[in-house]
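See below for the structure under consideration.
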Amino acid sequence: MPAINKNISHGIPASSGIVIGKAYVLDRHHICILEHPIPPDKIESEIEMFREAVERSNNEMAELRDKTKEEFGGAVPLSIFDSHTQILNDPALLQEVEETIEERGCNAEWALKLLLEKYENRFSKIHDGYFRERLNDIEQAITKLQLILINHESQSLADLSEHVIIVSHDLTPTDTLQMNREMVIGFAIDGGGATSHAGILASSMDIPAVVGLRNLSHTVRSGDHLIVDGNSGEVIHLPDKEQFLDYNRRRQNYLYFDQEVHAQKDLHATTTDDHSITIQANIESSDDLRHLVEHGAEGVGLYRTEYLYLNRNTLPNEEEQFEDYKKVAEAVTPYHAVIRTLDIGGDKIISVAKYYESEPNPALGLRAIRFCLKNPNIFKTQLRAILRASHYGRLKIMYPLITATDEILEANKILETAKEELGKEGIAFDEDIEVGIMIETPSSVMIADILARHCSFFSIGTNDLIQYTMAIDRVNENVAYLYQPLSPAIIRMLARVMKSADDAGVKVSVCGKMAGDPRYAMLLLGLGQAHTLSMDVHSIPRLKRFIRSISMEDCRALAKKALELDGASETEAFISREMAKYMVVAERSDPTNAGV
Ligand code: PEP
Ligand code: MG
């Protein structure tokens with residue numbers, strides 16, 4: 001039986017890479033808030049102080065937002081600031097704090113503490129990843145106000161003068177964007193899932209990160225040595241000599257490999273036995289387009305257009321959307337872009353009050369195509385904008401969360417109306433625009449052969465397919481252990497879709513997180529006809545390089561064997577052994593490994 005190392009914590013890998021260094025523990029949770037009585041004649045000025053703190057916090061957020069937009073463009077989703085601003089501008093919340101100050105005669109930071117306790121009690125009864133993330137946002141916004149009110153010199157990450165790994169209970173956008181990035185080499189965070197703010201920011205900054213470590217920040221002290229492996233999700237606290245040497249070797253290999261793959265980013269992904277695989281990018285905003293060329297993307301396999309609709313008080317009109325999609329169509333030429341229609345709902349909530357619906361199970365609610373079919377005018381506006389933009393480059397339309405044929409038929413009817421209208425208005429569009437669907441629910445897998453008769457391509461959304469097949473909320477860290485891409489259930493689902501598509505002559509791509517991970521790429525290619533993989537831009541050069549080192553024959557043999565295995569751990573071990581053969585190829589070409 002392998003030895004259990006007590007100094008290794010297992011979290012969720014959020015941003016790839018390995019770092020070894022000293023910890024810097026952010027101790028925000030230990031600020032001490034006390035209650036002070038406020039005499040009646042000072043209540044007014046206490047409330048005034050509270051309002052000033054809100055204003056200062058809002059200003060700091062707005063400044064950071066601008067700075068981030070200038071520095072990162074679309075690489076960091078600006079919506080992360082909007083959630084804080086929304087909380088700090090919620091009239092009900094502000095009024096409640098002011099009433100507590102007045103009625104209880106207490107200081108503002110104490111009133112905020114009481115409010116936070118109330119939210120924690122209320123949200124603790126809801127076991128939903130989305131609400132946990134919102135509670136996290138509320139905690140961060142309230143803590144920031146308390147720090148301003150008590151004039152607390154918060155640990156300033158801007159003043160860091162040596163290389164450190166940030167260890168913290170959580171990480172706010174403010175922490176991340178104000179820090180001296182030259183000095184921060186990694187993150188080890190107690191809370192969150194791979195899709196939490198800390199995870200999104202770390203990967204857009206290309207800094208290795210592990211999240212969901214539960215209470216690591218309670219055991220680590222600033223100055224302790226740490227290893228953060230953002231590839232496996234392991235964090236080693238006070239490594240011994242053997243661990244240090246082992247991870248140092250892994251790190252050197254990773255760095256060398258990373259440099260080498262970047263230099264080859266423009267080479268096409270052709271397997272050693274001559275099968276051509278198209279590697280595309282997933283984008284969330286037209287601002288992301290500038291990263292395509294930098295990373296060697298061959299078009300866009302998934303444009304998550306819902307980000308255009310989030311964190312605003314009005315819906316984007318046809319003209320705004322047309323301009324945005326036109327930019328995409330032009331930028332991807334000579335390749336194509338797949339524009340996914342609005343996938344709102346689940347953990348992506350539209351804030352336009354009229355359309356906002358609170359649901360007990362948002363992941364199973366009025367999401368994606370269901371929302372669009374219930375709001376045909378919103379849907380038609382988007383379809384008109386996509387059609388108009390299709391005149392300026394190669395665009396394809398993709399419907400998300402399809403579960404039944406009727407949904408495609410109904411959506412196509414609205415598409416036909418949009419086409420007829422444009423025709424009558426004399427507006428040019430691509431009359432033969434391809435229409436495909438996302439396969440991301442177990443029901444769509446089971447009837448893929450039928451669905452194939454009604455569309456021209458499938459794109460497998462493994463993120464949701466795993467969520468819905470394993471019955472786990474994909475943003476809930478408590479059930480993250482069941483998020484198993486290699487579960488036999490998932491492998492069989494994938495095999496079934498590929499076979500149905502193959503039989504029907506429908507093209508298949510994969511655009512979930514699995515597509516960008518070399519551990520799964522061999523399986524995906526070996527299972528069938530997935531000749532396009534679409535992923536986050538940072539994964540592209542590495543995956544292209546990996547595919548150039550493998551043969552389709554080996555992929556098929558691997559997939560055949562994987563289909564016979566009993567469970568995810570067994571399959572994981574088998575795939576790791578197979579992968580090691582290819583990783584050896586990478587290591588051998590590393591001159592720094594000579595003689596090792
Ligand atoms: C998926 O579900 O795998 C997918 C790509 O879509 P999203 O992550 O946007 O739900
Ligand atoms: Mg999805």
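Everything numeric here is computed off the predicted structure, so don't read it as measured data. Both counts, for ligands and for their atoms, begin at 1 and track the order of listing.
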Begin with the C-alpha distance, continue with both residues' side-chain angles, and end with the deciding distance and a verdict on side chain to side chain contact (heavy atoms under 4.5 Å, CB included) for Lys374 and Leu366. CA-CA 9 Å; Lys374 188 170 177 222; Leu366 197 63; 3.7 Å; yes
How close do Pro208 and Gly17 get, counting heavy atoms only, and between which atoms? CB-O, 3.4 Å
Take the Mg ion (ligand 2) as the centre and count protein N, O or S atoms at distances under 2.8 Å. 2
Between Arg519 and Glu572, is there a side-chain N and carboxylate O pair less than 4.0 Å apart? yes
Going by an N to O cut-off under 4.0 Å, is there a salt bridge joining Asp502 and Lys507? no
Taking the side chain as everything from C-beta on, heavy atoms only, tell me whether Ile460 gets closer than 4.5 Å to Glu440. no
Check this for me, if you would: do Lys561 and Glu578 make a salt bridge, where the nitrogen-to-carboxylate-oxygen distance has to be below 4.0 angstrom? no
Verdict with supporting geometry, His291 and His538, ring-ring contact (aromatic ring centres under 6.0 Å, His included): CA-CA 9 Å; His291 301 292; His538 296 297; 7.2 Å; no
For Glu330, which residues count as a side-chain contact (heavy atoms from CB on, under 4.5 Å) partner, sequence neighbours excluded? Lys326, Tyr392
First-shell residues of ligand 1 [heavy atom, distance under 4.0 Å]: Leu302, Arg304, Arg340, Asp343, Lys348, Arg367, Met438, Glu440, Gly461, Thr462, Asn463, Asp464, Arg474, Cys511, Gly512
Please list all pairs meeting side-chain hydrogen bond (donor to acceptor under 3.5 Å, both in side chains) that have one or both residues in residues 486-500, counting only residues at least two apart or in different chains. Lys499-Asp503
